[in-house]
Amino acid sequence: MFELKKLLGGLIMPLPLFGLLAFVMLVLAFRARRSALVIASLSILVLLVLSTPFAFAAHQLIKNNEPVSLAFNALKHPTLDKIVVLGCDINPNPALSANNQLGNCALTRLVEGVKLAKKYPNATLIVSGGGYNKITNSALMSQTAINLGVSKNRIKQNPQAIDTAAEAKLLAPKLVDFKVALVTSVLHMPRSINLFNAQGIEVIPAATDYHNFAALPLYKQFIPNAEALRVVTQYAHEVIGNAWISMRRWINPEAL
């Protein structure tokens with residue numbers, strides 16, 4: 001069920017969705033269907049627009065969905081008990097060091113978590129996330145945090161979680177009545193807070209992985225690039241994730 005959910009969710013992300021649609025329509029176009037050629041052309045155009053920083057999609061998504069208020073403000077929080085870093089992408093390869101097996105998203109989150117761990121030396125650092133090929137996100141994050149100077153005795157792992165809902169459910173019993181900072185990507189933060197709150201856990205957001213395409217040189221803002229498409233894909237992932245949560249709760253109010 002989990003693999004099917006991820007497969008179907010991945011296929012309706014912008015790149016595979018419009019790419020496959022364009023391919024199918026082009027095949028049909030070769031069979032003299034003009035409408036298919038039009039749809040294929042539109043699909044390619046949409047992909048280009050979504051990949052252009054200056055275009056409506058990327059600019060508006062960042063403007064409306066990456067509020068600075070979700071970043072951690074140490075002035076408002078003199079103490080912390082727990083720092084929870086949610087998992088993200090990994091690239092398992094035992095021949096490499098732990099940090100080189102973490103993807104950019106996971107590294108960005110971990111750096112924020114380590115920064116907070118050094119700011120609050122009495123807080124426990126909890127690194128979360130499952131994995132594959134017998135290598136987990138939490139294990140890679142733990143080893144990288146140790147390499148960056150965090151004591152092994154301060155780190156706890158949550159390697160069984162396969163998604164954000166599982167992370168919230170598995171970690172909730174360990175977070176009750178503690179002051180908890182939640183570290184994840186800014187676009188992922190609202191859904192994460194929702195899931196932790198549903199488990200009865202109030203968290204302090206410590207968002208990371210912000211973007212600012214407006215800071216690019218003007219000429220680069222008009223050139224399609226993979227990073228802009230990645231941000232749009234991240235946002236689409238969150239929209240689908242929130243829709244999934246709403247559907248599950250509609251079917252069963254106790255779900256998630």
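The first residue in the sequence is number 1, and the count goes up from there.
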For [Y], is there any backbone N or O sitting under 3.5 Å from a side-chain donor or acceptor partner on [X]?
X: Gln234; Y: Leu187; answer: no
X: Tyr235; Y: Asn65; answer: no
X: Gln101; Y: Leu96; answer: yes

If you take all heavy atoms of [X] and [Y], which pair is closest and at what distance?
X: Ala206; Y: Met189; value: N-CE, 3.5 Å
X: Ala117; Y: Arg154; value: O-NH2, 2.9 Å
X: Gly130; Y: Ile90; value: O-CD1, 4.4 Å
X: Leu195; Y: Arg249; value: CD2-NH2, 4.0 Å
X: Thr184; Y: Arg109; value: OG1-CZ, 3.1 Å
X: Asn158; Y: Ser128; value: ND2-OG, 2.9 Å

Spell out, yes or no, whether [X] and [Y] are grouped together once hydrophobic residues are joined by side-chain heavy atoms under 4.5 Å, including indirect joins.
X: Val114; Y: Met141; value: yes
X: Ile146; Y: Val85; value: yes
X: Val127; Y: Ile204; value: yes
X: Val150; Y: Ile126; value: no
X: Leu107; Y: Val183; value: yes

Close side-chain approach of [X] and [Y], heavy atoms under 4.5 Å:
X: Asp81; Y: Val180; value: no
X: Val239; Y: Trp244; value: no
X: Met247; Y: Ile251; value: yes
X: Ile245; Y: Arg248; value: no

Can you list the steps and then say if His211 with Arg230 is a side chain to side chain contact (heavy atoms under 4.5 Å, CB included)? CA-CA 11 Å; His211 308 87; Arg230 186 182 73 84; 3.1 Å; yes
Roughly how far apart are [X] [atom1] and [Y] [atom2], rounded to 0.5 Å?
X: Ile83; Y: Ile155; atom1: CD1; atom2: CD1; value: 10.5 Å
X: Gln143; Y: Leu110; atom1: CD; atom2: CG; value: 11.0 Å
X: Leu80; Y: Leu125; atom1: CG; atom2: CG; value: 11.5 Å
X: Phe196; Y: Ser192; atom1: CZ; atom2: OG; value: 7.0 Å
X: Asn64; Y: Glu66; atom1: CG; atom2: CD; value: 10.5 Å
X: Phe178; Y: Lys82; atom1: CZ; atom2: NZ; value: 4.5 Å

Answer yes or no: does atom CG of Asp89 have more than 12 heavy-atom neighbours from other residues, nucleotides or ligands under 6.0 Å? yes
Exceeds 12 heavy-atom contacts within 6.0 angstrom, atom CG of Asp177: no
What pairs of donor and acceptor atoms, side-chain ones from residues 168-176 against any protein atom, are under 3.5 angstrom apart with sequence neighbours left out?
none

Is it true that His188 and Glu238 share a donor-acceptor pair across their side chains at a distance under 3.5 Å? no
For Thr144 and Asn99, which I'm curious about, is there any donor-acceptor pair between the side chains at under 3.5 Å? no
Just do the ring pair (Phe, Tyr, Trp, His ring centres under 6.0 Å) check on Phe72 and His77 with the steps written out, would you? CA-CA 9 Å; Phe72 187 82; His77 306 287; 5.3 Å; yes
Extract all donor-acceptor atom pairs below 3.5 Å that involve side chains of residues 133-140 and protein atoms in other chains or at least two apart in sequence.
residue: Thr136; atom: OG1; partner: Ser138; partner atom: OG; Å: 3.3
residue: Thr136; atom: OG1; partner: Ala139; partner atom: N; Å: 3.1
residue: Asn137; atom: ND2; partner: Cys88; partner atom: O; Å: 2.5
residue: Ser138; atom: OG; partner: Gly129; partner atom: O; Å: 3.3
residue: Ser138; atom: OG; partner: Gln157; partner atom: OE1; Å: 3.4

Let's go through Ile193 and Val203 carefully: what are the C-alpha distance in whole Å and the side-chain angles of both, what is the deciding distance for side chain to side chain contact (heavy atoms under 4.5 Å, CB included) to 0.1 Å, and is it a yes or a no? CA-CA 7 Å; Ile193 292 174; Val203 295; 4.0 Å; yes
